[in-house]
Amino acid sequence: MNTTIPDRLLIAGEWAPAASGASEPVRSPWDGHVVGEVAVAGAPDVEAARRAAERGATVWRETPAFARMDVMNRAAALVEGRAEDIAQVLSAENGKTITEARGEVGRAGDMIRLAGYEGTQLYGDTLPLDANRGTGRDKLGFTVRQPCGVVVAITPFNYPSLLVLHKVAPALAAGNSVVLKPARTTPLTALLLAQVFLDAGLPEGVLGVLTGPGAALGDALVSDPRVRKISFTGSTATGRRIASLAGVKKLSLELGASCPVVVLPDADIEAAAAAVALGGYVNAGQVCISVQRVITHPRISADFLDALVPKVAAIQVGDPGAATSQMGTLITASEASRVHAAIQAATEEGASIRTGGALDGATVSPAVIAGVDPRSPLAQEELFGPAVAVSTAADWTAAVAQANGTGYGLGAGIFTSDVSGAVRAVRDIDAGVIHINWTPLWRADLMPYGGLKASGIGKEGFRSAVEEMTEAKTVILHGRPW
Ligand code: NAP
């Protein structure tokens, strides 16, 4: 490892200890070893970061778009040069396999570049004011897009590089300053990414990072009127709290889910099973777009389970640092216990475990649970663990009712060989992203991405995110009547 992990807060372009002097270790969920030490921010640090971000916002919005893009392009090159070091830290603090961590960090360079480009594309509209009867002919109207100002970005533990960059990169590209609060369990990756932007030449105060407990720092961060935009990814419960405190400011919320996959009788069963054996277990199921529920037609349900179970049973669980491991730990042993208990509770309601579901420290072996009641907590509540619940629905109406029958609406998949089934799915299923012949677990970083219902508000993906990180002004030039 050639890169030093910053162990302090980033405020006004400097790495500084918390005002209180407090710090805490970040531990590997696999074996408990200390991966790094971080400062624990408190109220004075929140205030200092916000003041610095206000100054940074003024400097950065005056920086021309081409110069912002130059910084982004330098950051993209730097992150690619440091990718292996960042992936090692990410795997160690998060418990995902080193292969998964390399895949995640491997996207970072292009993410920063794509966001940087979108920051140069802040087009407005011309307004056809002569269509306004009588009073518009002697005027010209257009819109201009400008950065919001200070953006607060709050990120979860499950993709410590990807989800930080889905906020920080478009916010910076659009000309905002950012105060980032990464998850308490995975702050080290965020600190390494912040160092990348500093080394790329980001001016002082344009990016700040506060590490520490979200429950203590969050209220002050999100309720401050000097913050003009909040971009949050995390649980629906935290999202609701933030929405209730934010007041009048722009808000993007990427929240929880219980994503369904519908397998119609005309589907390629083998292909559907292979996709679910991936889409339910990547990152130990700790993905908002993980497959949580599979709804099959009764005629093909047994064949689907026969195809799925051996594939899931073959997933190698082990040391996240080992190249042979296909699945690592959950984020903590207590999260693993929660997931294990949810699986056990489903069996007490009549479902049957076809494979997996064993608890060992912070790991849960990949599980397939058949005969799950769609109204049960295993279907209704976000599991965020390596288990897929399989149920049946006798016809399309029943399948749609099940697919839409939770409070969430993030992603959905449908397997069918009939284009009519695909068209109906797109129209009928309530999800922000719908995949035909694949599971919800697929994302191109440039595509519009976000949930419906309790899964959130707004879209990420760089074009959408840059739009959400900017505000439109309408300008009218009043000529003399002629
Ligand atoms: P979480 O507990 O809601 O935490 C997310 C972030 O919010 C963390 O940085 C956390 O800080 C912070 N936080 C906690 N309480 C807060 C408060 N009162 N005010 C402001 N911030 C606060 O979520 P998680 O367990 O880390 O992540 C898993 C969740 O994220 C799942 O529900 C998953 O579906 C969702 N997710 C959604 C998407 C999407 O695109 N829709 C993507 C990924 C994950 P601490 O870590 O210090 O508590």
Side-chain angles (χ1 to χ4, degrees), residues 24 26 29 38-42 46 93-96 104 152-167 179-190 209-224 227 230-246 251-259 282-292 330-332 334-335 338-339 381-385 406-412 431-433 440-443 445 447-461 464-465:
E24 65 184 4
V26 178
V38 292
V40 179
V46 172
E93 69 175 344
N94 174 278
K96 72 174 66 182
E104 181 178 345
V152 162
I154 303 177
T155 53
F157 70 82
N158 61 329
Y159 281 88
S161 169
L162 190 95
L163 298 176
V164 163
L165 290 178
H166 264 298
K167 301 186 181 316
V179 178
L180 169 67
K181 209 311 272 175
R184 195 173 190 184
T185 41
T186 58
L188 301 174
T189 303
V209 185
L210 295 174
T211 49
L217 303 174
D219 292 5
L221 271 174
V222 304
S223 60
D224 191 305
V227 172
I230 297 167
S231 180
F232 170 76
T233 299
S235 63
T236 295
T238 309
R240 285 202 170 103
R241 178 169 180 83
I242 289 172
S244 73
L245 293 173
L251 198 55
S252 298
L253 301 173
E254 300 285 347
L255 308 177
S258 168
C259 293
V282 165
N283 215 24
Q286 300 166 113
V287 194
C288 49
I289 45 176
S290 194
V291 181
Q292 184 166 333
L330 280 85
I331 189 65
T332 57
S334 68
E335 271 296 282
R338 179 190 60 75
V339 169
E381 292 165 15
E382 181 175 48
L383 183 67
F384 230 54
T406 73
Y408 298 111
L410 183 57
V433 183
L441 199 129
W442 192 92
R443 178 177 189 181
D445 294 310
M447 75 190 200
Y449 174 98
L452 310 182
K453 295 157 69 181
S455 290
I457 303 170
K459 296 278 185 230
E460 290 196 338
S464 310

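Heads up: numbering here begins at 1 and tracks the sequence. Everything numeric here is computed off the predicted structure, so don't read it as measured data. As the structure lists them, so they are numbered: ligands from 1, and atoms in each ligand from 1.
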Fill in: Residue pair Phe157, Asn94: steps toward the side-chain contact (heavy atoms from CB on, under 4.5 Å) verdict
CA-CA 7 Å; Phe157 70 82; Asn94 174 278; 4.0 Å; yes
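- Which of Ile289, Asn158, Thr238, Ile230 comes nearest to atom 44 (C) of ligand 1 through a heavy atom is settled by distance: it is Asn158.
- Residue-ligand proximity, Ile242 to ligand 1, at heavy-atom distances under 4.0 Å covers atoms 20 (C).
- For atom 4 (O) of ligand 1, the protein comes within 4.0 Å by no heavy atom at all.
- In this structure, Gly456 does not count as a contact residue of ligand 1, since none of its heavy atoms falls inside 4.0 Å of the ligand.
- For ligand 1 and Arg184, the ligand atoms under 4.0 Å from any heavy atom of the residue are 45 (P), 46 (O), 47 (O).
- The distance from ligand 1 to the heavy atoms of Leu163 drops below 4.0 Å at these ligand atoms: 42 (C), 43 (C).
- Looking at Tyr159, Phe232, Phe157, it is Phe232 that brings a heavy atom closest to atom 7 (O) of ligand 1.
- Counting atoms of ligand 1 from 1 in the listed order, those under 4.0 Å from a heavy atom of Pro213 are 47 (O).
- Of all the listed residues (Arg240, His166, Glu382), Glu382 holds the heavy atom that lies closest to atom 32 (O) of ligand 1.
- Residues Arg443 and Glu460 are paired through a salt bridge, judged by an N-O separation under 4.0 Å between the basic side chain and the carboxylate.
- Listed by number with element, the atoms of ligand 1 under 4.0 Å from a non-hydrogen atom of Ile154 are 6 (C), 7 (O), 9 (O), 12 (C), 20 (C), 21 (N).
- Residue Ser235 has at least one heavy-atom neighbour below 4.0 Å for each of these atoms of ligand 1: 1 (P), 3 (O), 23 (O), 29 (C), 30 (O), 32 (O).
- Look at Tyr449 and you'll find a heavy atom under 4.0 Å from some atom of ligand 1.
- Heavy-atom distances between Gly451 and ligand 1 stay at or above 4.0 Å for every pair.
- Checked against a 3.5 angstrom limit, the closest N/O atoms of Leu255 and ligand 1 fall inside it.
- For ligand 1 and Gly212, the ligand atoms under 4.0 Å from any heavy atom of the residue are 47 (O).
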